[in-house]
Number of protein chains: 2
Amino acid sequence: MALPETRSEQLARALEDDICAGRALPGMRLDEQVLAQRFGTSRTPVREALKMLAAQGFVEIRPRQGAVVVGLDVRQVLELFEIMAVLEGLCARLAARRMTPAERADLMAVHGECQRLAAAGDPDVYYAMNTRFHEVIYAGSHNRQLEEETRRVRNRLSPYRRNQLHQLGRVAKSVQEHDDVVRALLEGDPDRAESLMRRHIGIQGDGLSDFVSNMSTPQAVSSPPPALAGTLGRPTIVR
Amino acid sequence: MALPETRSEQLARALEDDICAGRALPGMRLDEQVLAQRFGTSRTPVREALKMLAAQGFVEIRPRQGAVVVGLDVRQVLELFEIMAVLEGLCARLAARRMTPAERADLMAVHGECQRLAAAGDPDVYYAMNTRFHEVIYAGSHNRQLEEETRRVRNRLSPYRRNQLHQLGRVAKSVQEHDDVVRALLEGDPDRAESLMRRHIGIQGDGLSDFVSNMSTPQAVSSPPPALAGTLGRPTIVR
DNA sequence: AGTCATCTTCATGCATGCAAGACGGACAAT
DNA sequence: ATTGTCCGTCTTGCATGCATGAAGATGACT
């Protein structure tokens with residue numbers, strides 16, 4: 001019954017995954033032929049996949065000049081965070097009113113895991129569970145369009161968040177903020193859930209400005225994109 | 001200096017426009033060859049345009065079965081309105097803090113036009129100016145990503161809003177709500193601007209439920225899509 | 001040496017060709 | 001009359017070919 005997926009869709013997912021996971025860094029050139037060979041197809045499905053990713057903001061296609069992974073400058077990242085804050089805030093608001101008992105149990109379970117992993121201290125492991133935590137809330141909104149939209153923005157930002165949690169004390173702070181959100185959610189207080197979530201994601205507080213000043217703009221190994229020239233003035237970071 | 005636009009981009013814009021303007025109704029089949037002939041190209045750029053539109057949620061491509069204009073059921077429309085409310089709300093919030101004097105003047109001018117046209121009484125003419133009103137606020141947010149995102153959601157909803165203003169008294173109510181928003185914006189009150197805008201768009205109040213019950217789900221002239229079967233139980237509406 | 005013009009090379013944008021799968025109709029069986 | 005099967009037709013998905021325009025290299029000139 002699994003509906004057959006076309007090559008172009010597979011490629012689009014694979015490429016998006018590469019971008020989100022940081023395997024394809026912003027600014028990286030995406031050569032059609034190279035990709036075609038790598039995936040064992042012709043250029044046609046590759047092109048279609050790139051067009052889809054371009055339509056979603058993951059890559060930029062400059063006519064006759066090929067596709068590159070989108071490189072966001074600081075300003076654009078901040079802009080997306082502003083959007084992210086209200087979208088996640090809305091998720092929380094709706095979730096507070098709509099989550100089923102099973103979903104609430106899920107939330108508590110995942111939150112518990114978060115707390116455990118936070119104490120364990122590995123930011124990368126925590127990062128994964130943190131993602132699941134937020135996903136549970138997206139789903140709890142019972143709004144599919146919102147879920148997809150929020151995930152899309154999150155994915156677009158993901159190349160820039162990887163190191164966010166490596167700041168000293170950020171994990172502890174994150175899990176504490178989660179705790180507050182969870183409480184509001186379980187008490188069914190939409191206003192508080194929304195505002196706490198907005199603060200958790202958003203510009204308020206010092207989290208983001210710290211983030212900005214510590215931000216290591218991911219750069220491509222090859223051919224830094226013009227769009228990124230001078231964003232942070234930092235040379236190529238190989239990480 | 002106008003950077004050359006590829007055919008696939010032109011096609012994508014043209015098709016999106018057809019959909020938003022209601023010339024291509026939800027459920028309508030988009031045949032590659034027909035479109036290719038209509039626009040005087042081969043199928044390739046048409047396919048690429050369709051892929052882009054699919055990635056943005058305007059059309060649905062079912063493998064081996066072709067593309068159709070997405071048909072949203074009532075639930076999905078409501079979901080998008082929930083998103084729309086927070087996005088426009090955020091636009092208003094940011095605009096309250098960031099609009100330049102020139103932009104404020106613009107806003108007042110457009111609002112004035114809205115009032116004039118509202119009094120004149122033609123909902124369709126008002127609709128156009130209403131769109132401009134909201135666009136001014138998007139721009140006033142000084143957040144490009146948000147601007148684009150909000151416009152995209154608005155466009156996705158546009159086939160379903162056309163008749164919204166034809167309800168008795170809706171125009172008057174709309175312009176009154178605009179007036180409140182404008183006041184908050186000009187006073188630089190972000191909280192009030194956001195909450196008023198959310199209410200203007202959103203589910204609160206009776207506007208939307210009226211809208212729902214009066215909603216004439218746009219249907220394709222040919223081949224009603226399976227996704228729409230039973231959404232409102234109404235037979236094909238030719239309008 | 002540095003700057004500018006020309007040329008070469010190559011990737012992209014689009015057209016076309018071909019095979020596989022889906023829809024529709026005819027026909028047979030119940 | 002209805003259901004199920006088979007077959008023809010058509011559209012899509014992908015591969016390939018070709019022309020255009022861009023990036024880089026070479027060389028001339030200031």
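Proteins come first, then strands; the chains are lettered A, B, ... in the order of their sequence lines, and each starts at number 1.
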Please give, in whole Å, the distance from [N] [atom2] to [X] [atom1]?
| X | N | atom1 | atom2 | value |
| --- | --- | --- | --- | --- |
| B/Arg47 | C/dG17 | CZ | C1' | 14 Å |
| B/Glu32 | D/dC14 | CD | C1' | 11 Å |
| B/Arg62 | C/dC23 | CZ | C1' | 13 Å |
| B/Asp31 | C/dC23 | CG | C1' | 13 Å |
| B/Glu48 | D/dC14 | CD | C1' | 13 Å |
| A/Ile61 | C/dA11 | CD1 | P | 17 Å |
| A/Leu35 | C/dA11 | CG | C1' | 13 Å |
| A/Glu9 | D/dG13 | CD | C1' | 11 Å |

> B/Gln65 side chain N/O closer than 4.0 Å to the phosphate oxygens (OP1, OP2) of C/dC23?
Replying inline: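 Answer is yes, contact under 4.0 Å.
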> Side-chain N or O of B/Arg29 less than 4.0 angstrom from OP1 or OP2 on D/dT12?
Replying inline: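 B/Arg29 to D/dT12 OP1/OP2: side-chain N or O found under 4.0 Å.
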>> Side chains of A/His142 and A/Glu103 only: does a donor on one sit below 3.5 Å from an acceptor on the other?
In response: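 Yes.
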> Does the side chain of B/Tyr138 pick up a donor-acceptor pair with the side chain of B/Glu88 at under 3.5 Å?
Replying inline: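 Note: B/Tyr138 and B/Glu88 side chains meet the donor-acceptor criterion.
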To the nearest 0.5 angstrom, please state how far the [atom1] atom of [X] sits from the [atom2] atom of [Y].
| X | Y | atom1 | atom2 | answer |
| --- | --- | --- | --- | --- |
| A/Asn130 | A/Gln164 | CG | CD | 8.5 Å |
| B/Glu82 | A/Gln145 | CD | CD | 10.5 Å |
| B/Met84 | B/Arg156 | CE | CZ | 11.5 Å |

Give every pair of a protein N or O atom and an N or O atom of nucleotides 15-19 of chain D that lie under 3.5 Å apart, one pair per line with the distance.
| residue | atom | partner | partner atom | Å |
| --- | --- | --- | --- | --- |
| D/dA15 | OP1 | A/Ser42 | N | 3.3 |
| D/dA15 | OP2 | A/Ser42 | N | 2.7 |
| D/dA15 | OP2 | A/Ser42 | OG | 2.4 |
| D/dA15 | O5' | A/Ser42 | OG | 3.4 |
| D/dA15 | N7 | A/Thr44 | OG1 | 2.9 |
| D/dT16 | O4 | A/Thr44 | OG1 | 3.3 |

>> Applying side chain to side chain donor-acceptor pair (under 3.5 Å), can you list everything that pairs with A/Glu135, at least two apart in sequence or on another chain?
In response: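 So A/Glu135 forms a side chain to side chain donor-acceptor pair (under 3.5 Å) with A/Arg151.
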